[in-house]
Amino acid sequence: MTWTEKDIPDLNGRTAVVTGANGGLGFQTALALTGAGAHVVVAARDPQKTTAAVARIAERYPAASLEVVPLDLGDLAGVQTAAETVLARHERLDLLVNNAGVMAMPQRTTVDGFEMQLGVDHLGHWAFTAHLLPALLRSDSARVVTVTSTARFMGGPLDPADPHMTRKYRAWGSYARAKMANYHFGLGLQQQFERAGVGAQSLIAHPGLSNTDLQARTVREGGAGWIGAIAHAMTARSGMTPLEGARPQLRAATDPGARGGELYAPRFGSHGPPVRRPILRRFDLRKQIDVLWQVSERETGVPLLVAG
C-alpha cells in the first residue's frame with residue numbers, strides 16, 4: 001500500500017521539534033505533524049519567513065498547537081540558546097526532525113569558522129541533538145529523524161585532517177560530504193541508543209528529487225555552477241512536490257512499524273512513495289561513524305554519548 005500523511009497516527013499529547021520548518025520539506029513536515037495533533041516547535045532562522053509559515057499552518061488548522069524557537073544552525077552559541085529554550089519549556093520531547101540544510105554554497109564559513117555546509121547541515125544538528133537528548137530520553141519512545149540525500153554518493157569520506165575542505169573546496173563535494181555526515185550521524189546515533197539500552201530510536205530519510213526552494217537558492221548563491229542551473233531546471237520540470245518529498249521523513253518519524261537504524265526514501269530512488277530502503281556501504285560503516293564522532297566532538301566541543 002502507498003503510505004501518505006493520512007497514515008500518520010494520532011499524535012495528540014506528543015511534542016515534535018522540526019528544524020527548518022518555515023519552508024520546503026520542513027514546512028510540510030510541521031504541517032502534517034500539526035494536522036495529526038502534535039505540538040510542533042518550529043525551529044528556524046528567518047523570523048519573517050517563520051511568521052508567515054506559522055500563519056499558514058494556523059490557517060489550515062485553527063486549533064494548531066505551535067511555538068517558535070529561533071535557530072541558526074551556523075552559530076553554536078545560538079544553537080545552545082535555542083536548545084535551552086526548548087528544554088525550559090518541555091521536560092519531554094517525542095520527536096526531533098533534523099531537516100534544515102543548505103546545498104552547494106560558495107565557500108563560506110559559519111560564525112564558528114566551520115565550512116558552511118558541514119557546519120549547518122551536520123555540526124549544527126549534532127550540537128542541537130546533543131543538547132536536546134535529556135528531554136528526548138525522558139520520552140518512552142522518542143525518535144530522531146535526520147535528513148540525508150542521494151548526493152552523499154558524490155563525495156568521499158570525511159577527512160579528519162581537513163573536514164572543512166580548506167585545501168581544495170568544491171561546492172558539490174562539500175555538500176556530498178555533509179549529507180554523508182547526516183547519514184552516518186543517524187546510524188551512529190541509533191548505535192548509541194542501542195548500547196545504552198534506551199527506548200529512543202534514530203532513523204534517516206532522503207526526499208529524492210523534490211521541487212523546493214533549496215535548488216533555487218543554490219542557483220541564486222552562485223556556488224553550484226552550470227550543474228546547479230541544470231539541476232534546478234530538471235527539478236522544476238520533473239521533481240516531486242514538497243509534500244511528496246517530505247513523506248519519507250514523515251514516515252520515518254511516525255510509522256509505528258518503522259525501526260531505529262532504517263532509511264526511508266522514494267521507492268524509485270528520486271521519485272515515488274516512501275518506502276524502507278537498504279543501508280549500503282556496510283563494510284566501512286563502523287569506521288566512518290567513529291571518524292564522524294571524533295571530528296564532530298573535536299570541532300564543536302559538544303560530546304554526544306548516550307548514557308543508559
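Every heavy atom of this structure was used, including side-chain atoms; hydrogens, water molecules and symmetry mates were not. Computed from a prediction, not measured in an experiment: that's the story for all the values here.
A continuous path of hydrophobic side-chain contacts links V144 to L87 [ILVMFWY only; heavy atoms under 4.5 Å]. Residues L33 and W3 share a hydrophobic cluster, clusters being chains of Ile/Leu/Val/Met/Phe/Trp/Tyr side chains in contact below 4.5 Å. The hydrophobic clustering, which links ILVMFWY residues whose side-chain heavy atoms are closer than 4.5 Å, places I279 and M180 together. When the side chains of ILVMFWY residues are joined at heavy-atom separations under 4.5 Å, either directly or via intervening members, V97 and L66 end up in a single hydrophobic cluster. The hydrophobic clustering, which links ILVMFWY residues whose side-chain heavy atoms are closer than 4.5 Å, places F114 and M165 apart.
Sorted by first and then second residue, the salt bridge (charged side-chain N to carboxylate O under 4.0 Å, His left out) pairs involving residues 61-89 (not counting sequence neighbours) are E67-R89. Each side chain to side chain donor-acceptor pair (under 3.5 Å) pair with one or both residues in residues 16-30, not counting sequence neighbours, appears once here: T19-H125, N22-T50, T29-Q249. Listed by first then second residue, pairs satisfying side chain to side chain donor-acceptor pair (under 3.5 Å) with a partner in residues 128-138 read N98-T129, not counting sequence neighbours. Residues in residues 10-34 take part in these salt bridge (charged side-chain N to carboxylate O under 4.0 Å, His left out) pairs, two or more places apart or across chains: R14-D94. Applying the salt bridge (charged side-chain N to carboxylate O under 4.0 Å, His left out) rule to pairs touching residues 171-199 yields nothing, sequence neighbours excluded. Listed by first and then second residue, the ring pair (Phe, Tyr, Trp, His ring centres under 6.0 Å) pairs that reach into residues 289-308 are W126-W293, F185-W293, sequence neighbours excluded. Pairs engaging residues 44-84 under the ring pair (Phe, Tyr, Trp, His ring centres under 6.0 Å) rule: none recorded [sequence neighbours left out].
Here the CG atom belonging to L93 is positioned 5.0 Å from the CG atom belonging to L136, to the nearest 0.5 angstrom. Here the CG-CG distance, from D140 to L137, works out to 11.5 Å after rounding to the nearest 0.5 Å. With rounding to the nearest 0.5 angstrom, the OG atom of S202 is 11.0 Å from the CZ atom of R143. Taking CD of E297 as the reference point, atom CG of L292 lies at 9.5 Å (rounded to 0.5 Å). With values rounded to the nearest 0.5 angstrom, L118 atom CG is found 8.0 Å from D121 atom CG. Here the OH-CE distance, from Y175 to M154, works out to 9.5 Å after rounding to the nearest 0.5 Å.
Smallest separation of non-hydrogen atoms from A64 and A58: CB-CA, 4.5 Å. Closest heavy-atom contact between H206 and T148: CB-O, 3.5 Å. L76 and A127 get closest at one heavy-atom pair: CD2-CB, 3.8 Å. The two residues V147 and P207 come nearest to each other via the heavy atoms CG1-CD, 4.1 Å. The shortest heavy-atom contact between P242 and L25 is O-CD2, 3.4 Å. Here the shortest heavy-atom pairing between A258 and A252 reads CB-O, 4.2 Å.
Counting non-hydrogen atoms of neighbouring residues, nucleotides and ligands closer than 6.0 angstrom, the CZ atom of R60 reaches no more than 12 such neighbours.
Under 3.5 Å, the side chains of E299 and H164 contain a donor-acceptor pair of N or O atoms.
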(request) Step by step, work out the side-chain contact (heavy atoms from CB on, under 4.5 Å) result for M116 and T109. (result) CA-CA 5 Å; M116 183 67 73; T109 57; over 6 Å; no
(request) Carefully, step by step, assess N182 and I204 under the rule side-chain contact (heavy atoms from CB on, under 4.5 Å). (result) CA-CA 8 Å; N182 292 149; I204 44 181; over 6 Å; no
(message) Please evaluate residues T15 and L95 with respect to the criterion side-chain contact (heavy atoms from CB on, under 4.5 Å), reporting the C-alpha separation (whole Å), side-chain torsions for both, the decisive distance (0.1 Å), and the verdict.
(response) CA-CA 6 Å; T15 299; L95 177 60; over 6 Å; no
(request) For Y264 and V145, run side-chain contact (heavy atoms from CB on, under 4.5 Å): C-alpha distance rounded to whole Å, both residues' side-chain angles, the deciding distance at 0.1 Å, then the answer. (result) CA-CA 10 Å; Y264 284 82; V145 178; over 6 Å; no
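Without hydrogens or angle criteria, T241 side chain to E244 main chain gives a donor-acceptor distance under 3.5 Å. Between the side chain of Q190 and the main chain of L203, no donor-acceptor pair closer than 3.5 Å is present. Although no hydrogens or angles enter the test, the distance criterion places a donor-acceptor pair under 3.5 Å between the side chain of T254 and the main chain of L250. A donor-acceptor pair under 3.5 Å is formed between the side chain of R251 and the backbone N or O of P274.
Counting only heavy atoms from C-beta outward, the side chains of D255 and D7 never approach each other to under 4.5 Å. Side-chain contact check for R45 versus P70: every heavy-atom pair is 4.5 Å or farther apart. Two residues are said to be in side-chain contact when any heavy atoms from C-beta on lie closer than 4.5 Å; E115 and Q107 fail this criterion. In this structure, the side chains of R247 and M240 stay at 4.5 Å or more apart for every pair of heavy atoms.
Comment: R167 engages D159 in a salt bridge, judged by a side-chain N to carboxylate O separation of less than 4.0 angstrom.
Residues satisfying the side chain to side chain contact (heavy atoms under 4.5 Å, CB included) test with R277, not counting sequence neighbours, are L263, A265, V275. With sequence neighbours left out, R276 forms a salt bridge (Lys or Arg N to Asp or Glu O under 4.0 Å) with E262. Residues forming a salt bridge (Lys or Arg N to Asp or Glu O under 4.0 Å) with R286 (at least two apart in sequence, or on another chain): D290. Take D46 and apply the salt bridge (Lys or Arg N to Asp or Glu O under 4.0 Å) test, not counting sequence neighbours, and it matches no residue.
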Quick one: side chains of residues 301-308, donor-acceptor pairs under 3.5 Å with protein atoms, not counting sequence neighbours, listed by atom name and distance.
none

